[in-house]
Student: 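Here it is, the structure in full.
Protein chains get the first letters and strands the later ones, always in sequence-line order, with residue 1 at the start of each.
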There are 2 protein chains.
Amino acid sequence: MVTGRAASPTAHANAEDPTVFVIDDDASVRDALSNLFRSVGLRTVTFGSAHEFLQHKPPDVPSCLILDIRLPRLSGLDFQAELAKADIHIPIIFMTGHGDIPMTVRAMKAGAVDFLTKPFRDQDMLDAVTTAIERDRNRRDGAKVVANLRAAFATLTPRERQVMTLVTAGLMNKQVAAEIGVAEITVKIHRGHIMRKMAAKSLPDLVRMAQILGIGPASGRAQT
Amino acid sequence: MVTGRAASPTAHANAEDPTVFVIDDDASVRDALSNLFRSVGLRTVTFGSAHEFLQHKPPDVPSCLILDIRLPRLSGLDFQAELAKADIHIPIIFMTGHGDIPMTVRAMKAGAVDFLTKPFRDQDMLDAVTTAIERDRNRRDGAKVVANLRAAFATLTPRERQVMTLVTAGLMNKQVAAEIGVAEITVKIHRGHIMRKMAAKSLPDLVRMAQILGIGPASGRAQT
DNA sequence: GTTGCGAATAAACCTAAGTATGGTTCTCCC
DNA sequence: GGGAGAACCATACTTAGGTTTATTCGCAAC
């Protein structure tokens, strides 16, 4: 079920609005949350089970997931672990009627945004959702930058990748040339190709790209 | 009270061994934890109150803090908040006999490593301590790098700082010169001074330092 | 009031980087 | 077997980067 802006006659469901996903087997809980989120203009999609959620193709917008710890077949915690394993990093807000502290710790350690005990105040839920959406927005922005860089990096030839690594590590052209056993002029040509393909405006720019791509000395400490 | 390696006749209390701090008003708890940690060779210092802990000058080694949620005067959570406010970032492991979920959530959101309910298994505590010490070690390593860079950066004159910012942003010497209204040769001189003072081996090296120092375009995105 | 330092500059000089233009040798693929 | 692209190299030229030596100015500390 979809509510929120998409349900209003004036708004489009364009992939711009943040979306809240709710999984709960209790229809009255789903409706109550839908109403709550709709009241603040948030697009909302509800599911009766984790399985249904997985069927659904997630839209490419900032979103979060609201999950009861006690789900029909799978526990909320196990579902959280499964999503992580499947490399799905949607921020999760847990709800529970009778949770305990170890559950809470496990959920929070695994990155949950919040863990609300029923009954909770509407405002607490809205605050958690705001935080979660914001977190997802940041994560998406970062992931997009990385994806674009990876795509550009993928267009480099093996030799160009090698040269980029050495150049961004701080070696001079002649050192790079000696390292890989070619003439300095060849390195210069590779370098030109690299700058064009990576769309780097300057060497510092390329260095920052390499940082983000995790190229070079292990984790990227300074003091090269 | 100090136990662990320092208490053994063969070891020095040199600032090398990780240290566990315990704050609990119950002496039997303190002793039990001391024994536990000593059994695995961890240096341990115990306190009866948060106040006592603050009196104590923390050694410069990876460490963590074990805290009962219910402290004599101050709640463990409030103490955690105070430490954060005082810019003390020691990882905290909470213990509690009768905590609740909101407390747990608050503690974990504030960065606690773990939140153990009494009675807990020794192994759970040891695992948490291992994680906490490791986390502190990483934090310290990172902080040290930043501190060194900041110290070097502080030796730069205002002009040099300005030039470093523009150069690491990717501007050519002539552009920097135009930007700040000096001759290109002057920029080159400043640049040389910068490289020496910062102990940068190459421009990419300097760029990475600037990244760590948070110099330049806001938070340091690529695509300059 | 002179000594020291930051800042700016100039001339001379050298090295590094970058860009053609032109050419060779592979290999892979159609 | 011919085209595409990768890798390589050379010559020639231009621009950018960097050091050394020396000079000037202002300001603050001694």
Side-chain angles (χ1 to χ4, degrees), chain A residues 149-211 213 215-217 222-224, chain B residues 149-211 213 215-217 222-224:
Chain A
L149 283 182
R150 267 204 238 287
F153 190 64
T155 69
L156 299 185
T157 67
R159 215 27 156 190
E160 285 164 356
R161 278 194 273 273
Q162 193 180 9
V163 170
M164 176 166 166
T165 302
L166 296 171
V167 165
T168 55
L171 273 67
M172 290 186 309
N173 287 342
K174 65 168 61 170
Q175 293 175 310
V176 175
E179 186 80 24
I180 66 178
V182 302
E184 190 183 345
I185 184 68
T186 308
V187 173
K188 290 183 180 179
I189 292 174
H190 283 317
R191 213 169 150 156
H193 292 162
I194 292 165
M195 296 301 282
R196 252 183 296 286
K197 288 186 181 178
M198 297 299 291
K201 294 192 182 62
S202 63
L203 179 57
D205 202 6
L206 192 70
V207 171
R208 279 185 285 270
M209 292 179 183
Q211 278 289 98
L213 287 169
I215 288 171
Q223 308 291 3
T224 310
Chain B
L149 284 182
R150 268 202 238 285
F153 190 64
T155 69
L156 300 185
T157 66
R159 216 23 157 192
E160 285 163 356
R161 276 193 273 273
Q162 194 180 9
V163 170
M164 175 166 166
T165 302
L166 296 171
V167 165
T168 55
L171 273 67
M172 289 186 308
N173 287 342
K174 64 167 62 171
Q175 293 175 310
V176 174
E179 186 81 23
I180 66 179
V182 301
E184 189 183 345
I185 181 72
T186 308
V187 174
K188 290 183 180 180
I189 305 280
H190 284 317
R191 210 167 151 159
H193 292 161
I194 293 165
M195 296 300 282
R196 252 183 297 286
K197 288 187 182 178
M198 298 298 293
K201 294 193 182 65
S202 62
L203 178 57
D205 203 6
L206 191 71
V207 172
R208 279 184 285 269
M209 291 178 182
Q211 278 290 97
L213 287 169
I215 288 173
Q223 307 292 5
T224 310

Student: How close do A/Gln211 and B/Arg208 get, counting heavy atoms only, and between which atoms?
Tutor: OE1-CD, 3.2 Å
Student: Contact class for B/Leu203 vs. all strands (heavy atom < 4.0 Å): base, sugar-phosphate, or nothing?
Tutor: nothing
Student: Could you check how far NZ of B/Lys201 sits from C1' of C/dA16, rounded to whole Å?
Tutor: 20 Å
Student: Just N and O in the side chain of B/Asn173: are any of them under 4.0 Å from OP1 or OP2 of D/dG17?
Tutor: yes
Student: Just to be sure I understand the rule, does A/Thr157 reach a base, reach only the sugar-phosphate, or reach nothing, if contact means heavy atoms closer than 4.0 Å?
Tutor: sugar-phosphate
Student: With nearest nucleotide decided by heavy atoms, which residue, B/Ile180 or A/Gly192, maps closer to the 5′ end of DNA chain C?
Tutor: B/Ile180
Student: Write down the distance between CD (A/Glu184) and P (D/dC8), rounded to a whole number of angstrom.
Tutor: 14 Å
Student: Between D/dA16 and B/Lys174, is there an OP1 or OP2 to side-chain N/O distance shorter than 4.0 Å?
Tutor: yes
Student: Please find the pair of heavy atoms, one from B/Ala169 and one from A/Ser202, that lie closest to each other, and give the distance.
Tutor: O-OG, 4.3 Å
Student: Looking just at side-chain N and O atoms, do A/Gln162 and A/Arg159 make a donor-acceptor pair shorter than 3.5 Å?
Tutor: yes
Student: Could you tell me the separation between the CD1 atom of A/Ile185 and the P atom of D/dC9, rounded to a whole number of Å?
Tutor: 10 Å
Student: Taking the side chain of B/Ala183 as its heavy atoms from C-beta onward, which of C/dA10, C/dA8, C/dA16 lies nearest to it?
Tutor: C/dA10
Student: Would you mind reading off the distance between B/Gln175 atom CD and D/dT15 atom P, rounded to a whole angstrom?
Tutor: 15 Å
Student: Look at B/Arg191 and D/dG18 and indicate whether a side-chain polar atom (N or O) is within less than 4.0 Å of OP1 or OP2.
Tutor: yes
Student: Taking only the side-chain heavy atoms of A/Ile189 (C-beta and beyond), determine which of D/dC9, C/dT9, C/dA7 contains the nearest atom.
Tutor: D/dC9
Student: Among D/dG18, C/dA8, C/dT9, which is the nearest nucleotide to the side chain of B/Arg159?
Tutor: C/dA8
Student: Rounding to an integer number of Å, can you tell me how far B/Leu206 CG sits from D/dG18 C1'?
Tutor: 14 Å
Student: Show the nearest heavy-atom pair for residues B/Val167 and A/Pro204, with the distance to one decimal.
Tutor: O-CG, 3.7 Å
Student: So does B/His190 get a side-chain nitrogen or oxygen closer than 4.0 Å to the phosphate oxygens (OP1/OP2) of C/dA8?
Tutor: yes
Student: Rounded to whole Å, please give me the gap between CD in A/Glu160 and P in D/dC8.
Tutor: 10 Å
Student: Given side chains that start at C-beta, do those of B/Phe153 and B/Met164 come closer than 4.5 Å, heavy atoms only?
Tutor: yes
Student: Can you check the A/Met172 CE to C/dT15 C1' distance for me, whole Å?
Tutor: 9 Å
Student: Atom NZ of B/Lys188 to atom P of C/dA12: distance rounded to whole Å?
Tutor: 15 Å
